[in-house]
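Here the structure is laid out as structure tokens; the discussion comes afterwards.
Note that the structure is a prediction, hence the values are computed from the model and not measured. Labels below follow one simple rule: chain letters A, B, ... track the order of the sequence lines, proteins then strands, and each chain is numbered from 1.
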Amino acid sequence: MAFGKGCHLHLIDGSAYIFRAYHALPPLTRKSDGLPIGAVSGFCNMLQRYIDGNSGADAPTHVAVVFDKGSHTFRNELFEDYKANREAMPEDLRPQIPLTRRATEAFNIACKEIEGYEADDIIATLACQAREAGGRVTILSSDKDLMQLVGDGVEMLDPMKNRRIDRDGVVEKFGVPPERVVDVQALAGDSVDNVPGAPGIGIKTAALLINEFGSLEELLDRAEEIPQPKRRETLTTMRAQIELSKKLVMLDCETPLDFTLDDLEVRDPDPDKLMPFLAEMEFRTLTKRVAEALGVEPPAIPDTTPEGANPDDSTAEAPPIRPEAYETVRDARALQDWIAQAQDRGWVAVDTETTGLNEMTCDLVGISLCVEVGRACYVPLTHRAAATDDLFGSDDLADGQMKLDEALALIKPLLEDPAVMKIGQNMKYDAKVLARYGIDIAPIDDTMLMSYAMNAGLHGHGMDTLAERYLSHTPIPIKDLLGSGKAQVTFDRVPVDEATRYAAEDADITLRLWQMFKPQLHRTQVTRVYEGLERPLVPVLAQMERAGIRVDRDALSRMSNAFSQKMAGLEAEIHELAGETFNVGSPKQLGEILFDKMGIEGGKKGKTGAYATGADVLEDLATEHELPRKVLDWRQLSKLKSTYTDALQEHINPDTHRVHTSYSIAGANTGRLASTDPNLQNIPVRTEEGRRIREAFVAEPGKVLVSLDYSQIELRILAHMAGIDALKQAFREGHDIHALTASEMFNVPLDQMTPDVRRQAKAINFGVIYGISGFGLARNLRIPRAEAQGFIDRYFERFPGIKTYMDDTVAFAKEHGHVETLFGRKIHTPEIGAKGPRAGFAWRAAINAPIQGTAADIIRRAMIRMPDAIDGLPAKMLLQVHDELLFEVETGAVDDLIGVARDIMEGAADPVVKLDVPLVVDAGQGANWAEAH
DNA sequence: CTAGAGCGCTCG
DNA sequence: GTACGAGCGCTCTAGC
């Protein structure tokens with residue numbers, strides 16, 4: 001049948017299907033020879049389901065599966081960096097690509113690709129042709145780039161969510177009709193495809209502008225009319241870039257095709273082609289199912305594995321997420337039933353709901369459980385009754401909830417059952433809350449940490465990000481339940497029905513992510529990192545955070561007052577010098593005073609048009625003028641007061657009288673921890689004034705604080721990793737490494753070393769760890785750039801292994817898309833192929849990451865072993881500051897603690913990595929942190 | 001009033 | 001246009 005009126009064309013985005021299948025499935029291999037076939041299996045299942053689901057009245061008359069071909073397209077001619085951010089195709093996916101083409105042919109569906117064109121362009125061209133011929137088109141894809149084609153008989157169908165997208169759907173997504181989608185995309189850009197767009201303008205703003213002006217061209221022509229100065233400037237100065245972006249996002253409806261619509265007519269599957277292919281792939285279940293559907297005898301597939309226990313192509317698609325289907329558990333019988341199911345299976349996803357984000361002060365409101373994808377429940381415990389009048393909520397508990405004690409008594413054995421894996425997202429939070437209710441949750445798995453182990457550096461690991469990315473699902477936003485700002489309520493004020501949908505959905509999503517991630521851990525070879533460096537840290541950190549550290553509130557308060565007085569004095573002097581009053585805390589106002597009013601030369605404006613007034617700038621000006629020095633002094637006091645003496649007091653827990661930080665395990669890309677609420681990893685130490693803050697961190701009476709820190713750990717790791725014999729030997733012999741470097745570089749004998757020469761060498765040593773550049777070193781040492789470059793050249797000459805290490809590391813990152821620590825932690829470097837200034841950033845980050853990351857791994861290992869090691873001692877581990885561990889210990893046990901903890905720390909690399917340099921740990925003790933450090 | 005960007009400063 | 005990795009308080013702006 002020739003294509004024309006009454007015909008219905010289906011266009012399937014094959015490349016998207018493949019990636020979807022690959023990421024959704026465990027790394028299946030063909031039993032007979034180990035060929036990876038996970039993606040092919042998923043792809044075939046999708047095709048089979050597609051055929052099954054499209055036999056009714058609205059069946060297509062024509063269909064094609066369309067693929068990308070070649071990585072270089074006409075868009076790269078327009079813009080070299082188009083899609084430059086894309087990660088390389090995984091090794092085990094590459095061989096599956098041609099197999100998916102064969103699969104499509106085997107199903108007797110037209111399979112189309114054109115060298116140098118993206119699937120989207122072929123789809124666009126076919127859709128245009130079909131529309132002109134008077135037919136209807138359905139595009140099966142969830143790619144938003146294709147939305148520009150919608151309208152006039154062209155629809156999209158998101159096969160994952162089974163959702164149709166018509167004109168209205170496009171307006172909902174982009175805020176503009178399909179024909180204006182390219183305009184919005186041109187402005188908003190696309191970080192995934194590396195389309196630049198207009199900086200600072202997202203989809204929302206873009207849609208606003210386009211709707212106001214009618215079209216992109218009109219907008220650019222009349223950009224002067226935009227009231228917001230920043231936007232106006234962006235649109236005027238970035239015009240070329242925006243126009244280029246439009247060319248990049250606009251799909252090409254003129255792709256030269258070597259076939260016609262008529263060639264795409266739907267054909268029945270040919271058993272003689274299809275059955276042999278499925279059998280060759282060794283898809284047992286699918287072969288049987290297809291044979292049944294076609295009414296033929298399934299071919300025999302030899303079973304080459306004796307156990308036959310591995311799943312083959314059992315790739316049942318997960319049921320959709322349906323929050324209305326979750327159950328609210330209101331009595332013991334129902335709860336016992338869920339507990340029994342969890343025990344039968346041996347695992348359960350758990351999530352706790354509380355009245356706040358602070359695990360030390362919030363109250364438990366409810367618990368959700370999920371035992372099977374799509375089947376989850378919520379156990380409300382302390383929800384409040386609905387408000388009785390307009391103003392106040394009731395403090396009474398709502399009806400229809402189990403008693404807290406009763407529910408906890410039932411659920412505690414499950415959460416502590418060593419035979420049942422408890423699965424959560426950010427389990428440290430739940431573990432800390434539950435610990436306050438006497439429940440020691442174990443064993444655990446954590447989807448956030450799985451994601452972090454596999455994909456650090458690639459994307460975020462919060463649940464919303466993961467659900468979006470791996471399940472194509474947007475979870476119910478918490479704001480929908482709690483509101484925001486002043487009107488925000490706590491979770492116990494949320495009606496139980498709503499709470500059930502939200503809370504149980506979280507558990508359901510967590511379970512889905514876990515099932516997806518578990519096999520991927522092996523595939524990406526980070527199981528040892530996850531099981532050895534991430535997961536075991538959860539209970540250790542939970543314990544440290546719950547312990548907290550005592551802080552002397554009165555001391556902070558006194559300091560705060562003293563700082564206030566000094567600041568007031570300085571402020572008056574500053575205003576006097578300036579000849580007017582202004583806000584000293586405003587860099588903008590300060591810049592105008594210095595460079596406009598007072599007319600000081602050399603003011604440099606940054607990208608926002610404001611003068612730079614950072615400490616380095618003011619430091620330079622201070623030699624000529626009086627005011628900058630006073631501002632510097634004022635800023636130091638301001639910082640100490642606001643961030644430390646004042647904010648810290650707010651963090652003292654009223655019950656424990658201690659400060660409890662929270663460590664994020666998946667915060668820093670390199671494997672370092674990050675401390676928040678408050679950050680106790682940046683308490684001042686470098687200046688005398690600042691150290692007084694540290695004096696306020698004290699031990700309980702009868703106890704002392706003990707600090708142990710690694711000496712020069714990153715330089716030692718660099719010496720080992722880069723294999724620098726001279727440095728390794730110096731560390732083995734306990735020499736002053738900076739002095740030795742200086743001696744080597746400047747030919748100064750060690751006994752004639754001056755502090756200044758040593759200081760320069762020290763800066764170079766640090767620079768190397770950070771991925772040195774002439775510019776950076778010059779700025780740090782305040783010397784001319786050429787001189788700094790001379791130092792670097794000499795350094796590389798003297799230690800050629802360093803240069804080799806740096807080059808090799810960058811090359812590794814370019815080849816693999818990530819770098820690794822000595823313990824196998826992967827840190828992804830998606831920007832490594834970037835061009836322009838971003839390249840420098842990416843290179844330096846790649847050079848630094850293995851060093852910083854290995855140091856982070858080492859102290860993690862020490863921390864994980866520490867609780868058992870100090871078990872018999874009256875000591876607690878309180879804080880970690882990257883290379884330092886702080887303990888609180890009874891006075892009589894200090895020496896024992898130092899002995900034990902030092903052994904653990906110095907031996908923390910063993911036995912996995914044999915370092916060529918010793919790890920050395922320095923120890924100190926005192927009544928407060930300043931003394932101990 | 002609130003959210004977010006940018007600046008500046010603290011630490012390892 | 002630049003040293004690597006973090007968090008947080010303040011000011012300022014845009015938008016509800």
Item checked: Rounded C1' spacing from B:dG4 to C:dA3 in Å ->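 These two C1' atoms come out 27 Å apart once rounded.
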Who are the salt bridge (charged side-chain N to carboxylate O under 4.0 Å, His left out) partners of [X], not counting sequence neighbours?
X	value
A:Lys566	A:Glu689
A:Arg691	A:Glu688
A:Arg782	A:Asp620
A:Asp808	none

What residue pairs, at least two apart or across chains, pass salt bridge (charged side-chain N to carboxylate O under 4.0 Å, His left out) with a residue in [range]?
range	answer
residues 630-642 of chain A	A:Glu573-A:Lys630, A:Lys641-A:Asp646
residues 662-678 of chain A	A:Arg672-A:Glu714
residues 783-799 of chain A	A:Glu744-A:Arg798

Across the strands shown, which category fits [X] at heavy-atom distances under 4.0 angstrom: base, sugar-phosphate, nothing?
X	value
A:Ala615	sugar-phosphate
A:Ile769	nothing
A:Ser586	sugar-phosphate
A:Asn780	base
A:Phe766	nothing
A:Asp709	nothing
A:Gly767	base
A:Ala839	nothing
A:Ile851	nothing
A:Asn679	sugar-phosphate
A:Glu884	nothing

How long is the line joining [atom1] of [X] and [atom2] of [N], in whole Å?
X	N	atom1	atom2	value
A:Leu648	B:dT10	CG	P	16 Å
A:His933	B:dT10	NE2	P	16 Å
A:Arg716	B:dG12	CZ	P	17 Å

Notebook entry, point to check: Can you list every pair that meets ring-ring contact (aromatic ring centres under 6.0 Å, His included) and has a residue in residues 666-689 of chain A, with sequence neighbours left out?
Noted result: none
Check: Distance under 6.0 Å and angle within 45° of the ring axis: does A:Arg844 meet both against A:Phe841?
Finding: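 Pair A:Arg844/A:Phe841 counts as cation-pi.
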Next item on the list: Go through residues 632-647 of chain A and report each residue with a non-hydrogen atom lying under 4.0 Å from DNA chain C, sorted by number.
Entry: A:Lys639, A:Ser642, A:Thr643, A:Ala647
Notebook entry, point to check: Salt-bridged, A:Glu545 to A:Lys428, with N to O below 4.0 Å?
Noted result: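 So A:Glu545 pairs with A:Lys428 through a salt bridge.
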Note to self: Regarding A:Asp857 and A:Arg861, does a basic nitrogen lie under 4.0 Å from an acidic carboxylate oxygen?
What the structure shows: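 Judged by the 4.0 Å cut-off on N to carboxylate O distance, A:Asp857 and A:Arg861 do not form a salt bridge.
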I'd like a table of atom pairs between the protein and nucleotides 1-6 of chain B - only N or O on both sides, under 3.5 Å - with the distance next to each one.
residue, atom, partner, partner atom, Å
B:dT2, OP1, A:Lys486, N, 3.0

Note to self: What range of DNA chain C does chain A touch, first nucleotide to last, counting atoms under 4.0 Å from its heavy atoms?
What the structure shows: C:dT2 to C:dG15
Next item on the list: Determine which pairs satisfy side chain to side chain donor-acceptor pair (under 3.5 Å) with at least one residue from residues 582-591 of chain A, sequence neighbours left out, and list them in order.
Entry: none
